[in-house]
Each structure stands twice: as structure tokens, then as C-alpha cells.
Amino acid sequence: MALPKKQRYRIVATAAVLAIAGGTLAVAANERGSGGGSPAAERSAPARQVSQEIEHLSEDPGKTVNLTVDDGPDPTWTPQVLDLLKRYDVKATFCMIGPNAAKHPDLVKRVVAGGHRLCDHSMSHDTTMDKKSVEYQSKEILDAKKLIEEASGGAPVPYYRAPGGAFTPDSRRIAAENGMRPLGWNVDTKDFQHPGVDKIVDTVKRQIGKGPTVLVHDDGGSRKQTVEALERLLPWLKQEGYTFSFPRT
């Protein structure tokens, strides 16, 4: 007996819905079996969110020191600093100039192998970056990051330190958007002025109470005074109960 027209329409519509659903399930199953996925699943995970605020503090609580070493790597002075850090079991953050890193990838890799951290310190150490265009700042920051990463063999670069502290809202944003926390300092030893070993040591001893992040250099001229000062400061800091850490990221 023939079914009424309205009932026949219902049956046809139901069959069509079931066919579409079955096809969708089959496609999804096939994608899972072949390792495929939706475009959303294929997109890489978003970059780690980093604050744009300039960091000065330690990631560890208590009586800590964040030793930061700027302007290298340098084939004369960086190995001497690394030897001292190894002798006293101290970790540090090395803020590198992009071309220096590219010129000395062996030293960059040695820094990473020693358990130290990397920091982007721009391409040309232009202390007037804060007066330059956003495009210039971006190129200085991101080109250096790329060279440091390549020299290291792909190690992360979790910090950006502006030359001479010449940060801008744009440079902080660019760094943070690329996974680098803007990094400041609390104690500037001014070792680049060659004030004498005693003066460098005295500056750290007097000012360490201001905060944990200490700035020294391993390039930009002779760093003999810096090395000699570190040889006195590292054991003194340990004797005073300080531990060595890294800035917050």
C-alpha cells in the first residue's frame, strides 16, 4: 500500500539527515586515523604571554642575586667570566649583542651548556634607541634575537635589555610579544668606566640592598677589572648568605 505523500517526505528527509551525519563522522574518523586534524588543531600553540613591565626582581624568594653580564660574548673575557662562574657554582644571565653572538657561536653554546640564560641586548647597542622609529627599534631587537637563537642552536632568549636602559613602550611591547621580558637592573657597577677593582666591589657591597639584579660587562673594552672584582665578590656574596638566581620571566 502506498504511503501518504506527507509521510514519504518525512522518511526521505530523515534519511538525508542520517546520511549527512554519517558522512561527517566518517570524515572525522578518517582524519583521526591519518593523523590529520582541523585547521585549529594544526595551528601552533600561542606564544607564552610575557609582561611588558621592566623586571628587576628574582624568580626565587629570599636573599638572592641575579648576576647579569652585558655586551658579549667576547673571546677574551667571556671565557674568564664563565670559568669563575663554574668555580663558584654561580648562574648568570648573559645579555648579548646580536653580531657578537653570531661571531662567537661557540661561546653562546658554552653559556647555554653552563646552565646560564640568554638575553637580547640589541644589534648595535644604540643607547639612543628610545629616540628612533618603531621600525628601527623592532629591527634592532628582533634581528638580534634571531642571531642569538641561531648561535645557541635554538636555546630560548627569555629577556630583552635595552642598551643603556633606553626602553620605550614600543620596545617593551615588541620584546614581550616575542617572548622576552624587559630586563632592568638594581646595581650598576659602572665597570665599563674602569673605576678600579675596589670601586666595583664596593659598589656591589653598598648597593646590593637596593635589589637583586647586578650589572657587569664582558665586552666593550678590557674587562680585567670586572673579572678580578667578580673573583672577590662571588665568594663574598655566598659567605653573606646570598644565593644566585635569575630574573623573573
Side-chain angles (χ1 to χ4, degrees), residues 54-96 101 104 106-121 148 152 155-161 165 181-249:
I54 299 172
E55 187 56 78
H56 300 84
L57 301 179
S58 171
E59 67 181 14
D60 292 319
K63 199 173 178 181
T64 59
V65 176
N66 304 325
L67 183 63
T68 61
V69 188
D70 283 19
D71 294 359
D74 175 87
T76 299
W77 306 110
T78 304
Q80 294 184 47
V81 172
L82 286 169
D83 287 345
L84 279 175
L85 297 179
K86 183 176 181 180
R87 184 193 310 171
Y88 292 106
D89 191 25
V90 168
K91 303 305 180 190
T93 299
F94 284 78
C95 301
M96 297 185 175
H104 304 291
D106 55 324
L107 292 177
V108 182
K109 290 181 175 67
R110 185 177 166 189
V111 166
V112 173
H116 310 290
R117 290 187 186 176
L118 301 173
C119 171
D120 177 343
H121 200 33
I148 295 166
S152 73
V157 182
Y159 309 101
Y160 166 68
R161 172 174 277 166
R181 182 71 183 263
L183 177 58
W185 60 81
N186 303 108
V187 181
D188 183 358
T189 63
K190 300 192 182 299
D191 58 338
F192 61 91
Q193 296 178 349
H194 307 285
V197 176
D198 289 342
K199 181 67 173 177
I200 296 171
V201 170
D202 182 61
T203 297
V204 174
K205 289 183 176 182
R206 285 188 298 102
Q207 297 187 18
I208 192 62
K210 294 167 54 177
T213 304
V214 177
L215 168 59
V216 298
H217 296 79
D218 63 342
D219 198 3
S222 172
R223 293 293 166 245
K224 185 174 185 294
Q225 292 181 5
T226 303
V227 171
E228 292 181 6
L230 286 174
E231 194 157 13
R232 289 165 53 180
L233 281 167
L234 298 182
W236 178 83
L237 287 164
K238 288 199 160 189
Q239 288 166 8
E240 292 296 307
Y242 287 94
T243 59
F244 287 83
S245 184
F246 297 107
R248 298 188 301 188
T249 56

Minimum heavy-atom separation for Thr249 to Pro158, with atom names? CG2-CB, 4.0 Å
Sequence neighbours excluded, the answer for side chain to side chain contact (heavy atoms under 4.5 Å, CB included) partners of Val197 is Val201, Gln225, Glu228, Ala229, Arg232
Side-chain heavy-atom pair Thr68, Leu183 within 4.5 angstrom cut-off: yes
From Leu233 CG over to Lys238 NZ, what is the distance, rounded to the nearest 0.5 angstrom? 13.5 Å
Counting C-beta onward and ignoring hydrogens, is there a side-chain heavy-atom pair between Phe94 and His121 closer than 4.5 Å? no
Closest approach of Ile54 and Gly184, non-hydrogen atoms and distance? CG2-N, 3.4 Å
Less than 4.0 angstrom from a charged side-chain N to a carboxylate O is my criterion; do Glu231 and Arg87 meet it? yes
Evaluation steps, side chain to side chain contact (heavy atoms under 4.5 Å, CB included), between Gln80 and Leu230: CA-CA 10 Å; Gln80 294 184 47; Leu230 286 174; over 6 Å; no
Taking all heavy atoms of Arg117 and all of Pro247, pick out the closest pair and write down the distance. NH1-O, 3.8 Å
For Lys199, look at atom NZ and say whether over 12 heavy atoms of other residues, nucleotides or ligands are found less than 6.0 Å away. no
Checking side-chain polar atoms at under 3.5 Å, does Ser245 have a donor or acceptor matched by the opposite partner on Thr64? no
Tell me, do Ile208 and Tyr242 make a side-chain contact under 4.5 Å, heavy atoms counted? yes
Would you call Glu59-Arg181 a salt bridge at under 4.0 Å N-O? no
Could you tell me which non-hydrogen atom of Cys119 sits nearest to which non-hydrogen atom of Thr93, and how far apart they are? CB-CG2, 3.9 Å
Any chance you could lay out the salt bridge (charged side-chain N to carboxylate O under 4.0 Å, His left out) test for Arg161 and Asp71, step after step, and finish with the verdict? CA-CA 10 Å; Arg161 172 174 277 166; Asp71 294 359; over 6 Å; no
Could you check whether any side-chain heavy atom of Tyr159 comes within less than 4.5 Å of a side-chain heavy atom of Phe246, counting everything from C-beta outward? yes
Tell me, do His116 and Leu85 make a side-chain contact under 4.5 Å, heavy atoms counted? yes
Does atom NZ of Lys86 have more than 12 heavy-atom neighbours, drawn from other residues, nucleotides or ligands, at distances under 6.0 Å? no
Please report the shortest heavy-atom distance between Ala101 and Met96, naming the atom on each side. CB-SD, 4.3 Å
If you look only at distance, which donor and acceptor atoms sit under 3.5 Å apart when one is on a side chain in residues 212-223 and the other is two or more places apart or in another chain?
residue: Thr213; atom: OG1; partner: His56; partner atom: O; Å: 2.6
residue: Thr213; atom: OG1; partner: Asn66; partner atom: ND2; Å: 3.0
residue: His217; atom: ND1; partner: Asp191; partner atom: OD1; Å: 2.6
residue: Asp218; atom: OD1; partner: Gly72; partner atom: N; Å: 3.0
residue: Asp218; atom: OD2; partner: Thr78; partner atom: OG1; Å: 2.8
residue: Asp219; atom: OD2; partner: Asn100; partner atom: ND2; Å: 3.1
residue: Ser222; atom: OG; partner: Lys224; partner atom: N; Å: 3.4
residue: Arg223; atom: NE; partner: Asp219; partner atom: O; Å: 2.9
residue: Arg223; atom: NH2; partner: Asp219; partner atom: O; Å: 3.0
residue: Arg223; atom: NH2; partner: Gly220; partner atom: O; Å: 3.2

Minimum heavy-atom separation for Lys109 and Ser152, please, with both atom names. CG-O, 3.9 Å
Apply side chain to side chain contact (heavy atoms under 4.5 Å, CB included) to residues Lys190 and Thr203 and explain how you reach the verdict. CA-CA 9 Å; Lys190 300 192 182 299; Thr203 297; over 6 Å; no
